[in-house]
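We use all heavy atoms of the structure for the numbers below, so side chains are in, but hydrogens, waters and symmetry mates are not. Every number for a ligand or one of its atoms is a count from 1 in the order of the listing. These figures come from a predicted structure and were not determined experimentally.
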Amino acid sequence: MVENNNKRTPSVVVIGAGMTGILATIKLREAGITDITILEKKAKVGGTWRENTYPGVACDVPAHMYTYSFEQNPNWSNYFARGPEIQKYFEGIADKYAVTGKVRFNEAVTGARYDNGKWTVETSQGNTFIADFVISATGILHHPSKPDIEGLDSFQGDMFHTAEWDHSVEIGKGKRVGVIGTGSTAAQFIPELVKTGADVSVFMRTPQWLLPMSDFTIPEWAKAMMRRFPFIPNLFRNTGKFTLEHFFTKAVTGHKPPKFILETACKLNLRFSIKDSVLREKLRPNYQVGCKRVVINTTYYKAIQKSNSHLITESIERITEKGIVTRDGKLHELDVLVLSTGFKPLNFMRPMNLVGKNGLHIDDAWGEKIQAYRSVLLPDFPNFFLMLGPYTPIGNFSVIAMSEVQMNYVLKLIERWRNREFDELEPCQKAIERFNGYVKDGVKNTSWVGGCNSWYLDGDGDPILWPYTWKQWVKEMAEPDMNDLMTLKTPESQHSIEVA
Ligand code: NAP
């Protein structure tokens, strides 16, 4: 901690060098904070976009909106950017802002313990870091969820999860590929597998609603215009933001006109994309549009109707060394099995051994229910900021915009610490309860409780998403309400104020 005109400069540990960790580092530095330790479990920056390399990986948020507000990119190749290009963007930003060189790569955080105003952070390399603040920027969907199906490990062919795609496995004509899962990820890579000529069997437990939003290549002349006139990418950005804010977000949070449009568009898409009425009924979800994350896609319905793809709706009984046995007793022999079975979103920063005040472990704190005040602050875990925590508005919006709003909130709190308003900060129990009640009221109107199971729900079946508008969230996150927070000054700090 460096003293400067009685204003303190904190030490901060940032966990993760993905989109949010890079942002946090840039913004901390802009605020004049340079004692930052960035710990990254893998060998490169990029998070999700480093991990997910499956064929066809792309972002379904318009590219110009899926960029930092302070680093527009006039060079996006497509309206919806592809994974490798997004990864390149983050690597470029991390280099430009001198973040990469400061990251401690291949150093996973194994534990963090709070004691008397300081965090002690331990890593897989056996290092220990002491910090005033910890910013957990570990992302939401980063722990692959593998299905609990009898015999899974007995399969003798090649098998991998989509977030751990094995590119050494050749997929093409003559290969029998099975896919378990039909979420956003599967909808992107199944068409690519079908294109290779492989025989693709898709094991679907629950159908999804699909919204056809076409991608297009941005021509060179348009990119040149964007480079010359920066207001053009901003215009794209604002148009994308307007659409997400006033259409998608409102449609799933109980606003009738956009909800009606979204429902109609998805239903018409199913009606006119699938020719065979039997297949169409198999693909028709029996829950509200938007209950699960709407899949933005124009290629999946076409692919599933190709002669080398097969939709299997009979449920899976077990997996054998040769393939998948369905409940009708049929063995579907496979050479490759792709697990497109999603992620464990409720892990957040875990399995890290996170211990707050009075030895409270995060597993015990969240034992009954996962909760966080305004997504970011946890009671009994002072000076710890959870980025993209529960009740962040993560349904069909840009997570980059969310992280920017949260980082701004975090910086305002750190600024108060720097001005010696407190040493220790955490939300008070009453505020947590009020906040929980507030979001619980809101979710009643949302599509997420519309008769489906999804990664949006916690163990009690309650959505962990922000149930109101984006505008409302931004407004409420603009300024921390200090009445909701408990602050404390340590005796050492009182002493240093007197000395200063
Ligand atoms: P997901 O949406 O959670 O889908 C998982 C799929 O696996 C579901 O179809 C699920 O079926 C199935 N499944 C899970 N366990 C199963 C089991 N034991 N037996 C049979 N089926 C099983 O996962 P995801 O497709 O990876 O997508 C996760 C999220 O990642 C998306 O919602 C999205 O937020 C994000 N994503 C974003 C983009 C983008 O473009 N921005 C692209 C890809 C992914 P049930 O439905 O029956 O549970």
| field | Set of side-chain hydrogen bond (donor to acceptor under 3.5 Å, both in side chains) partners for Lys96, sequence neighbours left out | value | Glu71
| request: For residues Gly178 and Leu334, report the shortest heavy-atom separation together with the two atoms involved. | output: N-CD2, 3.5 Å
Write out each pair where an N or O from ligand 1 and one from the protein are under 3.5 Å apart, with the distance.
unit_1	atom_1	unit_2	atom_2	d
ligand 1	7 (O)	Ser340	O	3.2
ligand 1	9 (O)	Thr182	N	2.9
ligand 1	25 (O)	Ser184	N	3.1
ligand 1	25 (O)	Thr185	N	3.0
ligand 1	25 (O)	Thr185	OG1	3.3
ligand 1	26 (O)	Thr185	OG1	2.7
ligand 1	32 (O)	Trp455	NE1	2.8
ligand 1	34 (O)	Arg293	NE	3.0
ligand 1	40 (O)	Ala58	O	3.0
ligand 1	40 (O)	Asp60	N	2.8
ligand 1	40 (O)	Asp60	OD1	3.4
ligand 1	40 (O)	Gln188	NE2	3.4
ligand 1	41 (N)	Asp60	N	3.4
ligand 1	41 (N)	Asp60	OD1	3.0
ligand 1	46 (O)	Lys292	NZ	2.6
ligand 1	47 (O)	Arg205	NE	2.9
ligand 1	47 (O)	Thr206	OG1	2.4
ligand 1	48 (O)	Arg205	NH2	3.0

| task | Evaluate the ring planes of Tyr89 and Trp76, with Trp represented by its six-membered ring, and classify them as parallel (under 30°), tilted (30 to 60°) or perpendicular (over 60°). | result | tilted
| said: Checking side-chain contact (heavy atoms from CB on, under 4.5 Å) between Leu211 and each of Asp60, Asn269, Val289, Leu262, which is the one that passes? | reply: Leu262
| message | Can you list everything that forms a salt bridge (Lys or Arg N to Asp or Glu O under 4.0 Å) with Lys42? Sequence neighbours excluded, please. | response | Glu51
What pairs of donor and acceptor atoms, side-chain ones from residues 20-27 against any protein atom, are under 3.5 angstrom apart with sequence neighbours left out?
unit_1	atom_1	unit_2	atom_2	d
Thr20	OG1	Ser403	OG	2.8
Thr25	OG1	Gly21	O	2.8
Lys27	NZ	Glu30	OE1	3.2

